[in-house]
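Quick notes on the structure that follows.
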Amino acid sequence: MSTTKDFIVEQLKEEIAGFKAAVQEKSVGHVLKISDGIALVSGLSEAMMSEILMFKTDGGEVAGVALNLEESQVGVIVLGDYTLIKEGDEVAVTKRILEVPVGSALVGRVVNPLGEPLDGKGKITTDQFYPVEKIAPGVITRESVKQPLQTGVKAIDAMIPIGRGQRELIIGDRQIGKTALAIDTIINQKGQNVKCVYVAIGQKESKIANIVSKLEETGAMEYTTVVLAGASDPASLLYIAPYAGCAIAEYFLDKGEDVLIIYDDLSKHAVSYREISLLLRRPPGREAYPGDVFYLHSRLLERACKLNKDFGGGSITALPIIETQAGDISAYVPTNVISITDGQIFLEPELFYKGNRPAVNAGLSVSRVGSSAQIKAMKKVAGKMRLEAAQYRELAAFAQFGSDLDVDTKQKLERGKRLYEIFKQDQYQPLSVAKQVLSYYSLINGFMDNVPVEKIREFENGLHKAADQNAEVLQLIDEKKEVDEEVEGKLKSLIEDYKTTLDYLLKN
């Protein structure tokens, strides 16, 4: 018994001799008020902007982000379940700015804005984190946009070309094909060595489930990450979603890769920020939006860029989406985003209901990068396409009055009808640039002039099938990227052979 006692005493002496008292400094505050996902906290004088704060509640720890730094209190947006938090709960600083996990492990996954998986495919293991907010690359690190990013949508690649590193706005009313255009662009990046990030802000989760299944079906999920802040998620997650998506894209940018990011849509993002700002008691401005709503989107979209070779040569191409009310592109948020971006693709309800899908309005749509983001072959065949499309709309409206038209006007009207038929394209069927060149070449050189308008799409599909059987022409366009004498000769030969075969089949 005494041996046991002596042993215990010796152990205690050793423990006491080796004990070193460490003073642990901890900055804590307390919740003054909590409502609608916003907490007002006192006693956190050391808190930083966008710092992660931890709320200690009876149901466990809940994370939040410092957004308002005032003299006596800090305004915090709660990223978890705010119903667990009550007045008087302890809040601790973490000395960590809000960050998201990044890396190849996120490719092919559906995550929330905090990088947590939503697809049931297990945990995402990565040891790299990027801050959600980051200063955009400076002017010295950038270079001009000149490499095309093919969307596979005929009307866009011909008239409103998009380059790698560009920011092109997709704008239009609801249910008019904005998301469809963006998803087609993602599908068309297969084999183009472009990573894609699709950020869904305030979208129905059933809609996103359909999009994800379509991306998986077409093999596009192999290079795509989906960041989802659903319609039922709190405004705080909707607010950080696009910045988190951009941070995920910046990881690949830093590796010198090309990335396409889609923000669907920034109208809901602005609304969520307005909600947060009003709850934080920030002064409202026009349409109750806070004064910094322009900065909200400019600091996000400026992160899209084309870096020069000294800085890796990577790029982020941004396709933000804005929903308009009754086609009003002069509203507050649409005009803000139009002024930040390098052009816009305007989708018009009138064209959509006429069956012209995608319903791209050639007059109001513009790409400020222009033909510098097109290959030479496309420049040659689609040079005057946008002007012709806009002129046709004007002439068609004028011709409705039934006045006598001269031969030149009639010819322009007939060509315009065929042009708009060619622009029609089914969803989830993006077209390679070589096939687009083939279609436009046959149109502008009069090969389609004697084809009835209602048969144009049938004629075009048949021409593409004939080109697939004789793949030499398409390969030549892909290799040379221009229509020289050799390519032109082969194009003419292919189209004439196809027309001869077609005439023979029709007669017999």
Side-chain angles (χ1 to χ4, degrees), residues 151 153 155-163 166-185 199-203 238 242 261-274 284-302 304 317-370 373 385-387 389-394 396-397 420 423:
T151 64
V153 179
I156 292 169
D157 289 343
M159 299 190 296
I160 319 141
I162 298 171
Q166 190 176 343
R167 299 150 305 172
E168 184 79 8
L169 173 65
I170 300 172
I171 186 166
D173 286 5
R174 64 185 299 276
Q175 294 292 316
I176 208 172
K178 301 186 297 297
T179 302
L181 213 60
I183 299 305
D184 279 351
T185 306
V199 185
I201 308 159
Q203 302 292 335
L238 269 67
I261 186 163
I262 285 148
Y263 304 112
D264 189 7
D265 63 64
L266 291 186
S267 310
K268 291 185 178 73
H269 182 235
V271 167
S272 69
Y273 184 61
R274 174 171 66 183
R286 181 176 160 187
E287 291 179 29
Y289 287 107
D292 63 340
V293 75
F294 180 90
Y295 179 56
L296 172 79
H297 290 148
S298 65
R299 74 176 189 263
L300 169 71
L301 293 168
E302 278 300 314
T317 309
L319 294 183
I321 294 174
I322 287 282
E323 186 181 294
T324 54
Q325 305 293 326
D328 182 16
I329 58 171
S330 62
Y332 189 31
V333 173
T335 47
N336 275 352
V337 183
I338 285 170
S339 66
I340 298 163
T341 51
D342 309 313
Q344 69 276 348
I345 297 162
F346 179 60
L347 301 179
E348 189 180 18
E350 189 187 334
L351 283 172
F352 183 81
Y353 298 127
K354 275 182 184 173
N356 291 337
R357 299 174 190 183
V360 178
N361 179 313
L364 291 174
S365 300
V366 65
S367 171
R368 295 189 187 107
V369 171
M385 207 68 82
R386 191 166 166 271
L387 184 64
Q391 278 180 343
Y392 166 69
R393 293 286 303 277
E394 295 290 327
Y420 268 91
F423 284 159

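Values below: all heavy atoms of this structure, side chains included; hydrogens, waters and symmetry mates excluded.
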Pair L181, V153 - check side chain to side chain contact (heavy atoms under 4.5 Å, CB included), show working. CA-CA 8 Å; L181 213 60; V153 179; 4.0 Å; yes

Note, I262 side chain near I321 side chain (heavy atom, < 4.5 Å): yes

Can you tell if the side chain of F352 reaches within under 4.5 Å of the side chain of D173, non-hydrogen atoms only? no

Evaluation steps, side chain to side chain contact (heavy atoms under 4.5 Å, CB included), between L351 and V360: CA-CA 8 Å; L351 283 172; V360 178; 6.0 Å; no

Measuring from I183:CD1 to K178:NZ, what's the distance to the nearest 0.5 Å? 12.5 Å

Check whether more than 12 heavy atoms from other residues, nucleotides or ligands sit under 6.0 Å from atom CD of E394, and answer yes or no. no

Give, for atom CG of L169 and atom OG of S339, the distance between the pair rounded to the nearest 0.5 Å. 10.0 Å

Is Q203 close to D264 at the side-chain level, that is, under 4.5 Å between some pair of heavy atoms? yes

Partner of F346 under side-chain contact (heavy atoms from CB on, under 4.5 Å), chosen from I170, L364, V366: L364

For the side chain of T335 and the backbone of Y332, is there at least one donor-acceptor N/O pair under 3.5 Å apart? yes

Test item: E323 side-chain N/O and D265 main-chain N/O as donor-acceptor pair under 3.5 Å: no

Which distance, rounded to the nearest 0.5 Å, do you find between the CG of D184 and the OG1 of T151? 8.0 Å

Can you name the one residue among V369, L319, D342 that meets side-chain contact (heavy atoms from CB on, under 4.5 Å) with I162? L319

Is there a donor-acceptor pair under 3.5 Å between the side chain of R274 and the backbone N or O of E287? yes

Under the side chain to side chain contact (heavy atoms under 4.5 Å, CB included) criterion, do L266 and H297 qualify, and how do the steps go? CA-CA 8 Å; L266 291 186; H297 290 148; 3.9 Å; yes

Closest approach of A362 and Y420, non-hydrogen atoms and distance? CB-OH, 4.4 Å

Please check: side-chain N/O of R368 versus main-chain N/O of T341, any donor-acceptor pairing under 3.5 Å? yes

Let me confirm one number: the OG1-CD distance from T324 to E348, rounded to the nearest 0.5 Å. 10.5 Å

Within a strict 4.5 Å, meaning less than it, do heavy atoms of the Q166 and S367 side chains meet? yes

Taking C-beta and beyond as the side chain, do I201 and P242 meet within less than 4.5 Å on heavy atoms? yes

For A389 and F423 the tightest heavy-atom approach is CB-CE1, 4.1 Å

Rounded to the nearest 0.5 Å, how far does CD of E350 lie from CG of N356? 9.5 Å

In terms of heavy-atom contacts, G163 and T317 come closest through O-CG2, 3.6 Å

Looking at every heavy atom in both D328 and P334, which two are closest together, and how far apart are they? O-CG, 4.2 Å

Pairwise side-chain contact, L296 with Y289, heavy-atom cut-off 4.5 Å (strictly under): no

First locate atom CE of M159, then atom CD1 of I345, and finally report the distance between them rounded to the nearest 0.5 Å. 9.5 Å

Going by heavy atoms in the side chains, are V337 and L301 under 4.5 Å from each other? yes

Can you tell if the side chain of T185 reaches within under 4.5 Å of the side chain of I156, non-hydrogen atoms only? no

